[in-house]
Q: 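Sharing a structure below in structure tokens format, with a few things to ask.
Read the numbers this way: they start at 1 and go in the same order the structure lists the ligands and their atoms.
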Amino acid sequence: MAENILRMRRITKTFPGVKALQDVNLDVVRGEVHAICGENGAGKSTLMKVLSGVYPHGTYDGDIEFEGSIAEFRDIRDSERAGVVIIHQELALSPFLSVAENIFLGNEREKRGFINWNETNVEAAKLLRRVGLDLNPVVRARDIGVGKQQLVEIAKALSKNVKLLILDEPTAALNDEDSAHLLGLVKGLREEGITCIIISHKLNEIREIADSVTILRDGRTIETLSLHDGSVTEERIIRGMVGRDMESRYPDRTPSIGEEVLRVEDWTVHHPQESTRVIVDAANLSVRAGEVVGVAGLMGAGRTELAMSIFGRSYGSNITGTLYKNGTPITAKTVGDAIRHGIAYATEDRKRYGLNLIDDIKRNISGAALGKLAKRGWVDGGRETVVAGDYRRSMNIKAPSVTSITGKLSGGNQQKVVLSKWMFSDPDVLILDEPTRGIDVGAKYEIYTIINRLAGEGKAVIVISSELPELLGICDRIYTLAEGRITAEVPIAEATPELLMHYMTKEKD
Ligand SMILES: Nc1ncnc2c1ncn2[C@@H]1O[C@H](COP(=O)(O)OP(=O)(O)OP(=O)(O)O)[C@@H](O)[C@H]1O
Ligand SMILES: [Mg+2]
């Protein structure tokens with residue numbers, strides 16, 4: 001019989017007002033890849049934080065048995081010493097430190113009390129190669145994209161003596177190519193005998209890589225399924241997660257498309273530090289009222305940079321080109337200008353630009369449009385609460401109240417707060433950058449429904465997504481971006497994953 005490396009028994013974890021976990025059991029076989037699935041707020045991250053000592057022994061009920069003996073981890077270092085390493089859902093690299101410094105943070109390569117920089121950088125370069133990242137270890141973490149940051153996190157985990165690696169939604173921020181790379185890496189680790197627990201909302205990935213899956217719902221274990229014989233379908237996993245069958249992943253869409261709202265002409269953007277390096281190259285695109293337009297591209301194609309440069313030049317330097325709003329040229333040199341012109345940008349990187357995590361839900365929702373709540377120069381707190389309450393209900397944000405601190409919400413629910421915030425600012429053009437990143441299948445459907453509703457109200461919506469099926473499921477038209485250039489504009493009736501991929505990988509002639 002296969003030996004268990006981990007048994008969690010009757011784990012119960014309570015936060016003020018929330019029972020996050022109740023009597024949860026989890027058995028993980030040594031050397032396997034074990035997936036954990038469940039809707040946003042089901043308790044997946046909390047369970048892994050209990051396991052890794054983020055929530056120390058004594059703050060939860062139940063037992064953890066790791067490698068045959070009871071583990072009572074006092075903190076993360078304690079669990080790491082035992083060989084349990086967690087990579088969190090929200091990446092945690094220090095932006096101003098170099099990649100090498102991040103890898104060895106708290107685990108410095110020292111020689112007689114001094115940090116040995118040579119060794120640090122050499123070792124870091126080796127680890128980076130192991131995760132397939134061709135990167136100079138001295139670059140600062142903030143200068144590499146979220147996708148690469150994820151790989152750096154794994155390199156960091158490998159620098160420790162890891163026996164059980166926990167990955168909380170590792171591919172949420174990655175495109176298909178990088179996800180495939182990362183999943184290949186996990187398979188490689190399995191061959192080396194490292195056990196992995198992986199949390200993901202991407203059920204196709206789980207079926208591809210995991211040996212078994214445990215499903216949580218509302219803080220309880222529903223079941224553990226073996227994925228070896230291939231009989232467990234995605235639909236089967238969804239049924240476990242939501243407790244019922246889901247008929248379709250995308251809501252029906254009957255577009256009613258009006259006049260052009262935003263046009264971007266000959267838009268060229270240079271790198272913020274290297275002002276001669278072209279990031280967006282003479283891009284032309286437009287979006288009409290009631291239309292949902294997709295932007296597809298591989299990581300590094302410049303999708304986010306394009307969006308942010310349009311949004312009040314919040315990215316880039318030396319920007320040229322023209323923005324037209326309802327046919328008239330506009331200048332939007334700051335985020336404030338862009339918002340005044342009715343442009344909103346909901347970011348892929350919630351932590352960095354989207355939310356104030358130490359503030360509560362209502363303040364985050366009202367943040368971009370406080371003026372709408374002003375009464376004689378003061379924010380009308382009562383109305384703020386009512387408005388936020390409406391969004392909490394309509395977006396189905398799982399939280400005890402609108403005064404809950406955003407940083408304590410599950411990742412998917414944080415994303416719903418970001419969307420609520422921009423919906424409340426009532427823009428004419430809404431640019432959504434990876435709007436369903438880290439969001440469960442049920443909530444995705446809700447967000448697609450919201451996008452439909454916004455378009456139905458006459459808003460122009462631009463959706464940037466790494467998931468081609470998603471763009472194909474919700475858009476009216478799709479632009480492809482490759483190396484900063486728009487390589488094609490494809491009407492939805494003609495769009496296929498193969499065609500889009502062809503244009504997404506098109507090199508400059
Ligand atoms: N520090 C905290 N304080 C209060 N409540 C919390 C805290 N951390 C988590 N919760 C609550 O516990 C529940 C489970 O959250 P958790 O983050 O484990 O969900 P999840 O399954 O990881 O969801 P997601 O897929 O969205 O990441 C949620 O209702 C969440 O709001
Ligand atoms: Mg989570």
Q: Verify, without hydrogens or angle tests, whether E39 (side chain) and A443 (backbone) share a donor-acceptor contact under 3.5 angstrom.
A: no
Q: With a cut-off of 2.8 Å, does S45 put an N/O/S atom close enough to the Mg ion (ligand 2)?
A: yes
Q: Can Q414 and T406 be counted as having a side-chain donor-acceptor contact under 3.5 angstrom?
A: no
Q: If only atom types and distance count, is the side chain of S420 paired as donor or acceptor with the main-chain N or O of I365 below 3.5 Å?
A: no
Q: With a 4.0 angstrom cut-off on heavy atoms, strictly below it, pick out the residues next to ligand 1 and order them by chain and number.
A: F15, V18, A20, E39, N40, G41, A42, G43, K44, S45, T46, Y55, Q89, E169, H201, K408, L409, S410, G411, G412
Q: Can you give the donor-acceptor pairs under 3.5 Å from side chains of residues 48-63 to other protein atoms, not counting sequence neighbours?
A:
unit_1: S52; atom_1: OG; unit_2: M48; atom_2: O; d: 2.9
unit_1: T59; atom_1: OG1; unit_2: P56; atom_2: O; d: 2.6

Q: Should we count CG of D218 as having more than 12 external heavy atoms under 6.0 Å?
A: no
Q: Tell me yes or no: between the side chains of R236 and S231, is some donor less than 3.5 Å from an acceptor?
A: no
